[in-house]
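The sequence lines fix the lettering, A, B, ..., with proteins before strands; numbering per chain opens at 1.
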2 protein chains.
Amino acid sequence: MLTTEQIINTMSEHGLRITDQRKTLAKLFGEHPGYLTAKDVYEYMGQKYSGLSFDTVYRNLRVMYELGVLEQVVFEEGIKFRGRCSEDHHHHHMICLQCQKTYPIMFCPMQLTDAPEDFQVVQHKFEVFGYCGECGKDQGEKESSPSIGGKRDGRV
Amino acid sequence: MLTTEQIINTMSEHGLRITDQRKTLAKLFGEHPGYLTAKDVYEYMGQKYSGLSFDTVYRNLRVMYELGVLEQVVFEEGIKFRGRCSEDHHHHHMICLQCQKTYPIMFCPMQLTDAPEDFQVVQHKFEVFGYCGECGKDQGEKESSPSIGGKRDGRV
DNA sequence: GTCCATGCAAACCATTTGCACATAG
DNA sequence: CTATGTGCAAATGGTTTGCATGGAC
């Protein structure tokens, strides 16, 4: 995953101004390995910036996504963001339903999927959901305070 | 995929009233093999029912989904519906980006994914996107009028 | 006749946009 | 100093809800 500095540098190189809010965003995504919704981010940022507005968060998430420092994934509950994965080789993810951390799976099923007949493959998705070692322990017990907003609803 | 009759019967058995609109919905999903958004459905139904309201469409889609006659999948553009797949064994799908038809993939990559360490797998998603034989031919040319709203934007 | 289904209007939620002021470079 | 970033308010788009009427059984 990109580090806080890498994120800031990329933004700076592309002519974006490094405001205090953006520094905080970079830090958040540079250090937090899981997926966050716009709301999660808003709530987190809100602790530090009292007058914070939702639209600024959205704007920055979008800018960062377009710049390529953030990834965006569609879950059932909505869109979530995380720092871009710096793995270079193609891979997939196991995603923890509680803490939302992701673990790379280097195995890609496409190699083994006999693209049938005349189907022209353009893209594929392979994602595994479950509970990671950390979160597997306290199965459904007390909310074991994940780094940021982790609800154990199991929806995907 | 479920047939029109199977859909209607299931609804009837569960005490739902078979209105004309619901018959049409059943027919739509019984005959159309691809994914449709609520809007697609609304537009299609609108041709036949002039006073149609969006909320009724939503309500019926929801009821049918909860009843299990429809499946629901999250795409980047939003949620889409299709008739429930009648394949009984676990399988995945190849989805045509143009006509939205789906083709089953019986191969499941989970067997081969060495669930690493202590990760407790709960669910997985494996989806392949591309163009099917039919749609592959006229690559990006004129809109070859897919059964219902097929835009070739390739987004997933 | 009873209760569910429908249309309408309004509420709701997430996201986007326009504008004036604040501030990084 | 200038252009970009921000907060505010309002618009937008998709979806849901409350209510009274209409229709299936």
request  = Using the six-membered ring wherever Trp is involved, compare the ring planes of A:F107 and A:F126 and label them parallel, tilted or perpendicular (cut-offs 30° and 60°).
outcome  = perpendicular
query = Do B:F75 and B:Y35 make the cut of ring centroids closer than 6.0 angstrom?
reply = yes
request  = Measure the distance from NE2 on A:H14 to P on C:dG25 and round it to the nearest whole Å.
outcome  = 16 Å
ask   = With no hydrogens and no angle check, do the side chains of A:S12 and A:N9 hold a donor and an acceptor under 3.5 Å apart?
value = no
Whole-Å distance separating the CG atom of A:L52 from the C1' atom of D:dA9 = 16 Å
request  = Starting at atom CE of A:M11, determine the distance to atom P of C:dA24, rounded to an integer number of angstrom.
outcome  = 14 Å
request  = Examine the side chains of B:H124 and A:H92 and answer whether a donor and an acceptor come within less than 3.5 Å of each other.
outcome  = no
task = Determine yes or no for a side-chain-to-main-chain donor-acceptor pair under 3.5 angstrom, with B:Q6 supplying the side chain and B:T3 the backbone.
result = yes
note = Note on DNA chain C: ranges paired as stems (three or more Watson-Crick/G-U pairs in a row, both atom distances under 3.5 Å) are C:1-25 with D:1-25
query = OP1 or OP2 of C:dA24 less than 4.0 angstrom from a side-chain nitrogen or oxygen of A:R22, does that happen here?
reply = no
key: B/S/- contact track for nucleotides 13-23 of chain D, protein heavy atom under 4.0 Å   = -SBBBB----B
request  = Round to the nearest Å and state the distance from A:F81 atom CZ to C:dA14 atom C1'.
outcome  = 12 Å
query = Is the backbone N or O of A:G46 less than 3.5 Å from a side-chain atom of A:S50, with the two atoms forming a donor-acceptor pair by type?
reply = no
inquiry  = With a cut-off of less than 4.0 Å, is there a side-chain N or O of B:T56 near OP1 or OP2 of C:dT6?
reply    = no
task = Rounded to the nearest angstrom, tell me the gap between atom NZ in B:K23 and atom P in C:dC4.
result = 20 Å
key: Length of the CG-C1' vector between B:D20 and C:dC4, whole Å   = 16 Å
key: Between C1' of C:dG25 and CD of A:E13, the distance in whole Å   = 16 Å
inquiry  = Using 0.5 Å steps for rounding, measure from the CE atom of B:M94 to the OH atom of B:Y103.
reply    = 10.5 Å
inquiry  = Tell me whether B:E71 is salt-bridged to B:R82, with the criterion being a basic N under 4.0 Å from an acidic carboxylate O.
reply    = yes
message = Within the 3.5 Å criterion, strictly below it, is a donor on B:D20 or B:Y49 matched to an acceptor on the partner's side chain?
response = yes
task = Take the protein atom OH of B:Y49 and the nucleotide atom P of C:dC8, then report the distance between them rounded to whole Å.
result = 15 Å
